[in-house]
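One structure is given here, and the rest of the page talks about it.
The basis for the numbers below is simple: all heavy atoms, side chains too, and nothing from hydrogens, waters or symmetry mates.
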Amino acid sequence: MKIKFLLMLTSFVFFLNACSKDDNEGVDTLETPVANAPKDVNDNGFKAKWNYVSNSKSYLLDVSTSEDFTTFVANYNSKEVTDLNEVVVGLTGGTQYYYRVRAKSETEISGYSNVISVVTTGSSGIPEDPTFLKVKANKLANPFFIGMAIKASQLTNGSPYDVILKNEFSSISAEYEMKMDQISTASGVYNWTVADKIVAYGNTNNINVHGHALVWHNSVPQWLKDFSGTDAEFAAEVKKYITAVVTHYAGKVKSWDVVNEAVDDNGGNMRNTIFLQRMGPNYVKDCFQWARDAATAAGDTSLLLFYNDYATSTNIAKQDKVFSIVDNLKAGNIIDGVGFQMHNTYLTPTKAQIETDINRAVAKGLKIHVSELDIQVNQFNDISTFTNERRLAQKQKYKEIVQLYNALPAANKYALTVWGMKDNESWIPYSTELNHPGNDWPLLYDSNFAIKSSHTGFLEGLD
């Protein structure tokens, strides 16, 4: 009996040791740390922070001026730190840095944490690059149009707008003055004066003209809103308008946003517009077909037709619905490209989100138009002046999106269009839809027509 008891006790102890060994093996596997936002940012450095990892003895900190960590700041290449933070010193003012960490225990090292971006305060003292945008873009192996949204009032010969446009830009889009409620005054009655001025300016100065936009729910003329005819007669009026505009500008306007913003922001449904209500769910395809037919009849066989929308990089339900529409148009061979508006902020969307969105159009063999680019830096109204930190963060975002666009296959490139010239004339600070009563500085030029760091970032993206 005593021997049996000892055998049972020995087996039990062995079992406990085995369990303890298995548990310890699980604990020994280091989790990947999470890096946090920096603290105490100043001209010369900042405090890097991260979360505790069980079983770690220390952490390895990397600091770089490049997001891919191809180079390291001196003394910050796998610097071993035993605390959960480290004061990084010896940096340059007004400069973008990145940091990441790994956990370490004896010989075991975890994977890399997320990457944190930080801009030191102060000024780097480096002047902005004055190179003209289109000059640099035209030297690329696969060049594309550099565009800007304009108003007819800016096109006076010799004005600052005129000088900058001719020097910097190879494409223009009318910010508002080529939309339906600006041209159509009654059934079959058109006011071409302002739109003609815009198109003539582009044609005279060898600047591409992108037409924006044939159909948009926020630019319906009052007479069409009040139209009392049947739904079929309503559709006939829309067809008449599209046909007239495409025909009038055949050979002069090289591309059109045929339908703008047809998808709702919630749930991935069609936006409940007057066009959907009166023409049915196939109205987008009808509009594209009418535009294509009008161009063909006018002998304009090279006209490019785009669908244009916003916020598809972060709103996946909306993205999916947009591409279901695009697929339908592609099947009918009546679409050439997709316009991605890109009214972005210095925080979102991420590069990966934008790439995923745009690559869906690339995979379909369509041309890509970054059609309405601007980058907000004060979306929370938390700053009253344009700080150095936001200035450089904005510069980096412009660089990022231009790099991304420049890397597209040549066949998919069309144009990258910035939505306006001067910060103080941007639509963003005045938009009630954005609930944005404060200041913002979203463009490439300040209120005095001076180039900003965002302009330099744009140029760097073309490298």
Non-hydrogen side-chain atoms of [X] and [Y] separated by less than 4.5 Å:
X      : Y      : value
Leu224 : Tyr241 : no
Asn439 : Phe386 : no
Glu261 : Thr273 : no
Thr121 : Asn388 : no
Lys397 : Ile401 : no
Val238 : Arg278 : no

Checking side-chain polar atoms at under 3.5 Å, does [X] have a donor or acceptor matched by the opposite partner on [Y]?
X      : Y      : answer
Asp265 : Tyr310 : yes
Glu128 : Ser453 : yes
Asn191 : Gln182 : no
Glu237 : Ser187 : yes
Gln96  : Ser117 : yes
Lys134 : Asn167 : no
Asp357 : Gln353 : no

Taking side-chain hydrogen bond (donor to acceptor under 3.5 Å, both in side chains) as the definition, give me every residue that meets it alongside [X], ordered by chain and number, with sequence neighbours left out.
X      : answer
Asp226 : Gln222
Thr131 : Asp129
Asp382 : Arg390
Lys367 : none

Between [X] and [Y], is the gap from one ring center to the other below 6.0 Å?
X      : Y      : answer
Phe275 : His217 : no
Phe46  : Tyr99  : yes
His248 : Tyr190 : no

Would you say that more than 12 heavy atoms from the other residues, nucleotides or ligands in this model lie under 6.0 Å from the CG of Asn206, or not?
no
In terms of heavy-atom contacts, does NZ of Lys252 have more than 12 from other residues, nucleotides or ligands at under 6.0 Å?
no
Determine, for Arg360 against Asp320, whether the closest basic-nitrogen to carboxylate-oxygen distance falls under 4.0 angstrom.
yes
Before accepting this row, confirm whether a basic side-chain N of the pair Lys179/Asp257 lies closer than 4.0 Å to the acidic partner's carboxylate O.
no
Apply salt bridge (charged side-chain N to carboxylate O under 4.0 Å, His left out) to Lys399 and list each qualifying residue two or more places apart in sequence or on a separate chain.
Glu460
Once salt bridge (charged side-chain N to carboxylate O under 4.0 Å, His left out) is applied, do any residues pair with Asp181, and if so which ones, sequence neighbours excluded?
none
Walk me through it: do Ile354 and Asn344 pass the test side-chain contact (heavy atoms from CB on, under 4.5 Å)?
CA-CA 10 Å; Ile354 296 172; Asn344 296 346; 3.9 Å; yes
Nearest-0.5 Å distance, [atom1] of residue [X] to [atom2] of residue [Y]:
X      : Y      : atom1 : atom2 : value
Arg391 : Trp441 : CZ    : CH2   : 13.5 Å
His369 : Thr417 : NE2   : OG1   : 3.0 Å
Ile451 : Leu443 : CD1   : CG    : 14.5 Å

Please report the shortest heavy-atom distance between [X] and [Y], naming the atom on each side.
X      : Y      : value
Val377 : Asp440 : N-OD1, 3.0 Å
Val253 : His210 : CG1-C, 4.3 Å
Leu373 : Ile375 : CD1-CG1, 4.3 Å

Do any pairs count as a side-chain hydrogen bond (donor to acceptor under 3.5 Å, both in side chains) and have a residue in residues 324-334, sequence neighbours left out, and if so which ones?
Lys285-Asn328, Asp327-Lys364
Pairs flagged by ring-ring contact (aromatic ring centres under 6.0 Å, His included) wherever residues 156-186 is involved - sequence neighbours left out
Tyr161-Phe449
Check each of Asn308, Asn260, Asp309 against Ser371 using the side chain to side chain donor-acceptor pair (under 3.5 Å) test, and report the only one that passes.
Asn308
For Tyr445, which of Glu425, Lys422, Glu168 qualifies under side chain to side chain donor-acceptor pair (under 3.5 Å)?
Glu168
Angle class for the [X]/[Y] ring planes (parallel below 30°, perpendicular above 60°, tilted otherwise)?
X      : Y      : answer
Trp223 : Phe227 : perpendicular
Tyr405 : Phe144 : perpendicular
Phe306 : Tyr414 : tilted

Report yes or no: does Asn205 contribute a side-chain atom to a donor-acceptor pair with the main-chain N or O of Ile207 at less than 3.5 Å?
no
Counting N and O atoms only, with roles assigned by atom type, does the side chain of Thr95 sit under 3.5 Å from a partner on the main chain of Gly93, one being a donor and the other an acceptor?
yes
Just jot down the side chain to side chain contact (heavy atoms under 4.5 Å, CB included) partners of Ala294, sequence neighbours excluded, or say none.
Thr243, Val246, Thr247
Quick one: list whatever passes ring-ring contact (aromatic ring centres under 6.0 Å, His included) with Tyr249, sequence neighbours left out.
Trp192
Who passes ring-ring contact (aromatic ring centres under 6.0 Å, His included) against Phe132, sequence neighbours left out?
none
What donor-acceptor contacts under 3.5 angstrom involve side-chain atoms of residues 145-157, with partners at least two apart or in another chain?
residue	atom	partner	partner atom	Å
Lys151	NZ	Glu175	OE1	2.8
Gln154	OE1	Lys151	N	3.1
Asn157	OD1	Lys166	NZ	3.0

